[in-house]
Amino acid sequence: MRLRLEARPEPSRAMLWLSPVLAALLAAIGGGVVFALLGHDPLTALATLFLAPLSSLDGLTELGLKATPLLLCAIGIAVGVRASVWNIGAEGQLTMGAIAGGGIALAFGGEGHWWVLALMLLAGAAGGAAWAAIPALLKTRFNAHEILTTLMLSYVAVQFLGWLVHGPWIDPEGFNFPQTRMFADDALLPVLVEGSRLHAGSLLALLAVPLAWLLLSRTVAGFRLRTVGLAPEAARYAGFSATGAVWFSLVLSGALAGLAGVLEAAGPVGQLQPTMSPGYGFAAIIVAFMGRLHPFGILGASLLMALLYLGGEQLQVSMQLPIAATGTIQGMLLFFLLATDVFVDQRLVVQRAVRHA
C-alpha cells in the first residue's frame, strides 16, 4: 500500500478556504513546539501570542493600527497576482510613500493649512506608484522580471531613507539621532479612539476593501486583469493589453503601499525614521495568499498577521522571548499554507499493491 497525489476533476472550493485555517492551526502547533524547545510553557506562550492582545481596548485598537498597512499592501499585491504580476517590493514602495508624504509634512506642516494632510496622502500614493513604475518599465521595455526588480528596489528605498534622516532631513535639535523633526499637528492623522494610536487612516484601509472587490469583480478593468492572468492567449485574442495590465497592477499596487507608508509616518510614528516598517510589505505577501487574493479574505488575514505582531511584542515583554520567534511562526504559516494548498487541486489516494500470482 502506498500514498500518492491525484489531480482532482475540479479544484475543491471547500479546501480553497479551509487550507488557510488549517495552515494557521498547524503554525500554532509548530509555534508551541518552538516555545517548548526554548524552555517555556507552550500553552502559556500561545495564549500570550493569540489571546492577550485581544483582552483590552488598547490591544484591539493596536490590532487595527497594525492591520492597516498590511491590508493596503496585501490588496495591492493581490491585484497584481490576479494579472500574474508579482510585486514583491511593497516594502520599498511603502518606504517611498513615507518619504514623499513626509517631505510634504516637513515643507508645509505647521502653518495650519487644511490641505497639508490631503496633499501628504496624495504624495504618499504617488511616491509608491512612481517607485513601482520603475519595475513596470523594466518589465515591459526590457522583459526584466518584476520579482527581482521590485525586491531589489526595496533595499534602495530603505537606503535612500537612511541617507535622508542621517543627512539633509535630520532634526537639527535631535541630538544627532537619525530622524526628522516631529510633524506638526496639521500633518498628523486624527485619532479615532481617545487615548489610543488608532487613526483615521484605518478607515481608508477599510474603504479599500469593497473598492478593490468592485474593481476585480464588477468592472471591465478587473475582468481584463483576470483574463490576462488566467488566459494570456485568450486575452491577446480579445485585444487585452498585457503591457497595460502590468502597468495598471504595479502602479496601483505601489500607490496602495505608498499610502500605507504615509499613514505610518503621519500616524503612529509622527516623523521619518531609518525604518518605517517592521516588514509589513513582506508580511503582506503571506496576508494576500492567506486571504485567497480576495479583498474580504485579505481583511481577515491582515487581522491575523497583526495579531502575530502584537502577540510577538507581548512575548518579548512578558516572557523575554526574541522577536525572531514571531518571525519563525510567520515563516511556518507560509510553509503550511503552501503545503495545504497542494490539496486544493489534488487529493491523497491510497493505492493498494497488486499481488501477482
Side-chain angles (χ1 to χ4, degrees), residues 69-103 123-169 178 225 228-229 242-265 269 272-289 293 305 323-324 327 330-331 333-335 338:
L70 290 168
L71 179 57
L72 287 169
C73 291
I75 287 177
I77 291 170
V79 170
V81 173
R82 288 294 186 93
S84 291
V85 178
W86 299 80
N87 179 17
I88 310 299
E91 187 79 0
Q93 294 144 23
L94 181 153
T95 300
M96 292 304 295
I99 290 173
W131 204 242
I134 300 174
L137 176 64
L138 294 175
K139 181 177 179 64
T140 56
R141 182 68 178 85
F142 302 104
N143 202 30
H145 205 294
E146 71 276 10
I147 288 180
L148 293 176
T149 54
T150 54
L151 179 61
M152 293 299 101
L153 281 170
S154 292
Y155 300 105
V156 176
V158 172
Q159 293 300 317
F160 180 50
L161 174 61
W163 173 73
L164 288 173
V165 297
H166 280 88
W169 286 5
L225 288 176
V228 169
T243 298
V246 170
W247 275 96
F248 181 83
S249 56
L250 274 175
V251 169
L252 178 59
S253 180
L256 289 172
L259 181 60
V262 71
L263 292 182
E264 283 294 290
V269 182
L272 294 181
Q273 299 173 350
T275 302
M276 295 302 299
S277 161
Y280 290 139
F282 296 121
I285 301 170
I286 304 177
V287 171
F289 285 94
L293 305 178
M305 188 62 70
I323 193 63
Q330 290 180 0
L333 186 61
L334 178 59
F335 172 80
L338 295 173

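Trp131 places no side-chain N or O within donor-acceptor distance of the main-chain N or O of Gly254, the cut-off being under 3.5 Å. Without hydrogens or angle criteria, Glu91 side chain to Gly281 main chain gives a donor-acceptor distance under 3.5 Å. Within the 3.5 Å criterion, the main-chain N or O of Ile88 finds a donor-acceptor partner in the side chain of Thr150. Of the possible polar contacts, one joining the Ser277 side chain to the Gly279 backbone as a donor-acceptor pair under 3.5 Å is found.
A distance of 15.0 Å separates CD in Glu146 from CD1 in Ile134, rounded to the nearest 0.5 Å. Separating the CZ atom in Phe282 from the CG atom in Leu94 is a distance of 10.5 Å, to the nearest 0.5 Å. Rounding to the nearest 0.5 Å places OG1 of Thr149 at 7.5 Å from CG of Leu250. If you take NE2 on His166 and CD on Gln159, they are separated by 10.0 Å, rounding to the nearest 0.5 Å. Here the CD1 atom belonging to Ile77 is positioned 12.0 Å from the OG atom belonging to Ser249, to the nearest 0.5 angstrom. The distance from the CG atom of Asn87 to the CG atom of Leu151 is 10.0 Å, given to the nearest 0.5 Å.
Residues Leu72 and Leu263 meet the side-chain proximity criterion, which asks for heavy atoms closer than 4.5 Å. Side chains of Met276 and Ile99 form no contact here, defined as non-hydrogen atoms less than 4.5 Å apart. The side-chain heavy atoms of Val79 and Ser253, taken from C-beta on, include no pair separated by under 4.5 Å.
When all heavy atoms of Leu161 and Thr275 are compared, the pair lying nearest together is CD2-N, 4.5 Å. Among all heavy-atom pairs drawn from Gly261 and Ala98, the shortest one is O-CB, 3.5 Å. When every heavy atom of Ser154 is checked against every heavy atom of Gly92, the shortest pair comes out as OG-N, 3.2 Å. Across all non-hydrogen atoms, the minimal contact from Val262 to Gly97 is CB-O, 3.8 Å. Smallest separation of non-hydrogen atoms from Ala83 and Val228: O-CG1, 4.2 Å. Across all non-hydrogen atoms, the minimal contact from Gly229 to Ser84 is O-OG, 3.2 Å.
Shown here are the ring-ring contact (aromatic ring centres under 6.0 Å, His included) partners of Trp169, two or more places apart in sequence or in another chain: there are none.
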Show your reasoning for whether side-chain contact (heavy atoms from CB on, under 4.5 Å) applies to Phe289 and Val81.
CA-CA 10 Å; Phe289 285 94; Val81 173; 4.2 Å; yes
